[in-house]
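Report on the structure given below.
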Amino acid sequence: MNNGHAVVDGLSIAELTKRHAGLGQSSAATSRVDQVFGADVFSERVMQQRLPRDVFKRLQRTIQHAEPLDHDSADVIAAAMKDWAIEHGATHYTHWFQPLTGLTAEKHDAFLTPDGHGGAITEFSGSSLVQGEPDASSFPSGGIRATFEARGYTAWDCTSPVFLNRNGGSVTLCIPTAFVSWTGEALDHKTPLLRSMDALSEQAMRILRIFGTDMGVSGVVCTAGPEQEYFLIDREHYFKRPDLMACDRTLFGARPPKGQQLEDHYFGSIPSRVLAFMQEAERELYRLGVPVKTRHNEVAPCQFEVAPLFEMANIACDHQMLAMETLKRVAPRHGLQCILHEKPFAGINGSGKHLNWSMATNTGVNLLDPRDETHTNMQFLVFLCAVIRAVDLHADLLRASVASANNDHRLGANEAPPAIMSIFLGDMLTDIIEQVEAGKPKKTMKAGKLDLGARTLPSIPRHTGDRNRTSPFAFTGNKFEFRAVGSSQSVAWPATVLNTIVAESLDHLATLLEKSVGGPGKAVDTKRLQPAVASLLQKTVRQHKRVIFNGDGYDAAWHQEAEKKRGLANLRSSVDAFPVIGSKKAIDLFRAYRVFTKVETESREHILVEKYIKQVMIEAETAVLMARTLMLPAALRQQAELAEVVAACEAADADVGDLRGDIERFIDLVNRFRKAIDSLEKASEADLGHDVLKHARHLKARVVPAMADVRELADRLEQRVSADLWPLPTYREMLVIR
């Protein structure tokens, strides 16, 4: 661990970045990287330079071993942070937190304080660093607190680096914090994430002790590398689309003649204007210590992706929020608008945020690395089977962790995994799992070589299995990739769920093994260890193998098999998934591992349902407004022009051919459009009282289909109304960056 950063194979994130960038070869190159990477971060190197040695060591023990930090040390650290920040141009500081809005929040306080003699001094105490008190009254609480009860607290997460936020000429010292109410309940994403990481570490350490591999290991961290897909469009088009401005997606838009049929955008040459945007965004992220690694064109036109290296999960979640904010902030400088919605354009691929997740010891050992002779790596197989069991038992909760109105437009479409939670293992691991089920695993499938058939091309290594882009939860070499996460959501919530369900499975397996071979405080009977593990793994595979599926997740036959033969849940819509969060099973699970209290769990369900309602209602009202004030008037003008043409031709005894039939069909289309608008407006106005779940179900059953009806007719009108009359930029115009 390095200033809270997870290490992989002994390398810190900064070291990994240098190595992968090819800049670790010379001191000059290293110096150039250091000038950019983490330049606005109060990093370990900066702390070493600015803190007294004993204070630095105390802070490191707090970061790495959760030892309490005394007040005197906090004061020294705060003073050093203040001086560093002011030297870099900062005038204010803020506790930077992640409330349940899905965004970040901050309240700025100035370093300057009047001295009482007509001057001012700069102050920043240890208490100001460690704890803040923002108004909590208007943040979502799910009923935890009444609106008039305003007090909330922020608490410094010292494992996540403090950083400088540069925006509009202002520089602010940002302190990553947790956010809780006056009563102590979590009102944010970070607090439960950190709790879930503790739960995972505690149970994983039990497994390591059984295998005797805990020497020198003080904890296990979950690591994450969330990929980010996004769209870019011209900013002038964005401001001409009320739906994009209000909903971050187009509620209307006819399919263009050329969409993504040729799939020629995928991994294509990055447009120069976009590349300039990417480079500037990357520079800002590097300065914030965000280790972005890859960039490329995605499948849909105007769709792109950025992906970081792995970090400790809470830092990865912080950095993911910074990445989204940075993409949105930098794009306008290039005349672009960044859209993070899961499905901003119908008929082409939407955007996800694949959460690459693994477990590692604090000494840098990846616990999901199968190694060469995987069939003999019993410890790895225990961790693997714990994940398999967790996904099988809690597939519904994992599905609920990605539930949102936005993601409903994407999940199950051709570019996204289905709502059925299954696991892809690949050929090699599937073969070993089958051997485990049959008895004792005896061999590991070996990778081969690919002869490319040309003397000038090298023979390249061939993996033991292919990848599966249709799987929602796929093993990809030494980690799992949770592909169902939505592009606009915080990854903290699905990571919290994943950590908790795996902790529960590790607890279950550890308890059974401790009964067989010796538990805490007792010597492990090493002679009985291997047969006990083999027997437990065999039983686990037989009970939970139904969740393993390596085939095409889009295939309708799989959906039939999953539901009818395997008994897997298929919660197609978010409204179906939300009640899982507040179920007794979920409440008991979270409470058992001290991740959520009962009240906190129920509040999450309420907040998510309420957000769904608000988002759908905003969309419905925007759709009615646009249809009545923009598209219907354009259609009526077209209708009038057609009528004038017919009248003029008939007055001149000219042959109008089928023109009268055309106008009659057009009038019929316009009338149907008006009726559809009325139906949507009526459905949206239904009074359903205070039952939020009932309201959400009504929106799903009535309002969402009514919106689809209005859109279908509007899109047909777009294809028939003269281009000079149509009031909105079309897909044909928007999905091209000039």
Side-chain angles (χ1 to χ4, degrees), residues 1-5 12-15 17-18 30-64 69-97 104 106-113 115 120-132 154-177 283-291 311 314-315 318-319 321-322 325-326:
M1 191 174 294
N2 187 345
N3 189 25
H5 291 281
S12 70
I13 291 298
E15 290 166 337
T17 302
K18 293 173 188 176
T30 300
S31 177
R32 287 197 300 273
V33 171
D34 287 342
Q35 289 172 12
V36 178
F37 191 87
D40 284 341
V41 177
F42 196 71
S43 62
E44 181 177 343
R45 178 176 57 81
V46 175
M47 286 191 283
Q48 278 184 306
Q49 293 172 348
R50 291 178 174 265
L51 295 177
R53 189 171 182 179
D54 59 328
V55 175
F56 173 74
K57 287 184 175 180
R58 282 197 288 273
L59 178 57
Q60 286 299 294
R61 288 197 296 271
T62 299
I63 292 172
Q64 298 177 10
L69 187 68
D70 61 274
H71 292 294
D72 290 341
S73 295
D75 281 336
V76 173
I77 295 165
M81 280 185 186
K82 178 201 69 177
D83 292 344
W84 171 78
I86 290 174
E87 288 170 18
H88 285 75
T91 57
H92 290 68
Y93 68 92
T94 182
H95 276 197
W96 184 80
F97 57 100
T104 60
E106 50 197 62
K107 180 188 76 171
H108 296 193
D109 286 298
F111 287 121
L112 285 175
T113 302
D115 63 2
I121 58 174
T122 58
E123 287 187 343
F124 184 51
S125 66
S127 59
S128 297
L129 167 64
V130 172
Q131 181 177 328
T154 50
W156 178 31
D157 173 17
C158 62
T159 64
S160 186
V162 170
F163 61 93
L164 298 174
N165 182 20
R166 300 177 183 273
N167 189 13
S170 173
V171 183
T172 306
L173 178 69
C174 294
I175 303 156
T177 59
R283 281 195 298 270
E284 291 205 7
L285 290 171
Y286 287 148
R287 290 186 66 88
L288 293 169
V290 182
E311 299 179 277
N314 65 308
I315 299 173
D318 285 356
H319 282 170
M321 300 306 293
L322 284 175
E325 291 173 3
T326 300

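Along the sequence shown, the residues carry numbers beginning at 1.
- Listed by chain and residue number, Asp70 satisfy the side-chain contact (heavy atoms from CB on, under 4.5 Å) test with Asp72 (two or more places apart in sequence, or in another chain).
- Taking OG1 of Thr122 as the reference point, atom CD1 of Ile86 lies at 4.5 Å (rounded to 0.5 Å).
- Here the side chains of Ser170 and His92 are not in contact, with every heavy-atom distance at 4.5 Å or above.
- Note that CG of Asn314 is 5.0 Å distant from CG of Asp157, once rounded to the nearest 0.5 Å.
- No side-chain heavy atom of Gln60 sits under 4.5 Å from any side-chain heavy atom of Lys57.
- Not a single donor-acceptor pair under 3.5 Å links the side chain of Ser128 to the backbone N or O of Phe124.
- In this structure, Ser73 and Val55 approach most closely via the heavy-atom pair O-CG1, 4.0 Å.
- Trp96 pairs in a side chain to side chain contact (heavy atoms under 4.5 Å, CB included) with only one of the listed residues (Asn165, Ile175, Asp318), which is Asp318.
- Contact check for Thr172 versus Glu106: no side-chain heavy atoms found under the 4.5 Å cut-off.
- Taking the ring pair (Phe, Tyr, Trp, His ring centres under 6.0 Å) definition, one finds that His71 meets it with nothing, sequence neighbours left out.
- There is a side-chain donor-acceptor pair under 3.5 Å between His95 and Thr154.
- The OH atom of Tyr93 lies 8.0 Å from the NZ atom of Lys107; values are rounded to the nearest 0.5 Å.
- The closest side-chain heavy-atom distance from Val162 to Pro176 is below 4.5 Å.
- If you take NE2 on His88 and CZ on Phe42, they are separated by 10.5 Å, rounding to the nearest 0.5 Å.
- Note that CG of Leu59 is 4.0 Å distant from CD1 of Ile77, once rounded to the nearest 0.5 Å.
- Using a 4.5 Å heavy-atom cutoff, the side chains of Trp156 and Thr62 are not in contact.
- Note that the NZ atom of Lys82 and the CG atom of Leu173 stand 11.5 Å from one another [nearest 0.5 Å].
- Looking at Thr104, its side chain never comes within 3.5 Å of a backbone N or O of Phe97 through a donor-acceptor pair.
- In this structure, the side chain of Asp75 does not engage the main chain of Ser125 through any donor-acceptor pair within 3.5 Å.
- With a 4.5 Å cut-off on side-chain heavy atoms, Arg287 and Phe163 do not count as touching.
- The shortest distance between side-chain heavy atoms of Leu69 and Cys158 does not fall below 4.5 Å.
- With respect to Arg166 and Asp40, a salt bridge is recorded, a charged nitrogen being found less than 4.0 Å from a carboxylate O.
- Contact between Glu311 and Gly289 at its shortest, heavy atoms only, is OE2-O, 4.2 Å.
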Step-by-step side-chain contact (heavy atoms from CB on, under 4.5 Å) determination, Thr326 to Leu288: CA-CA 10 Å; Thr326 300; Leu288 293 169; 4.2 Å; yes
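- Nearest heavy-atom pair across Leu129 and Ala74 is CD2-O, 4.1 Å.
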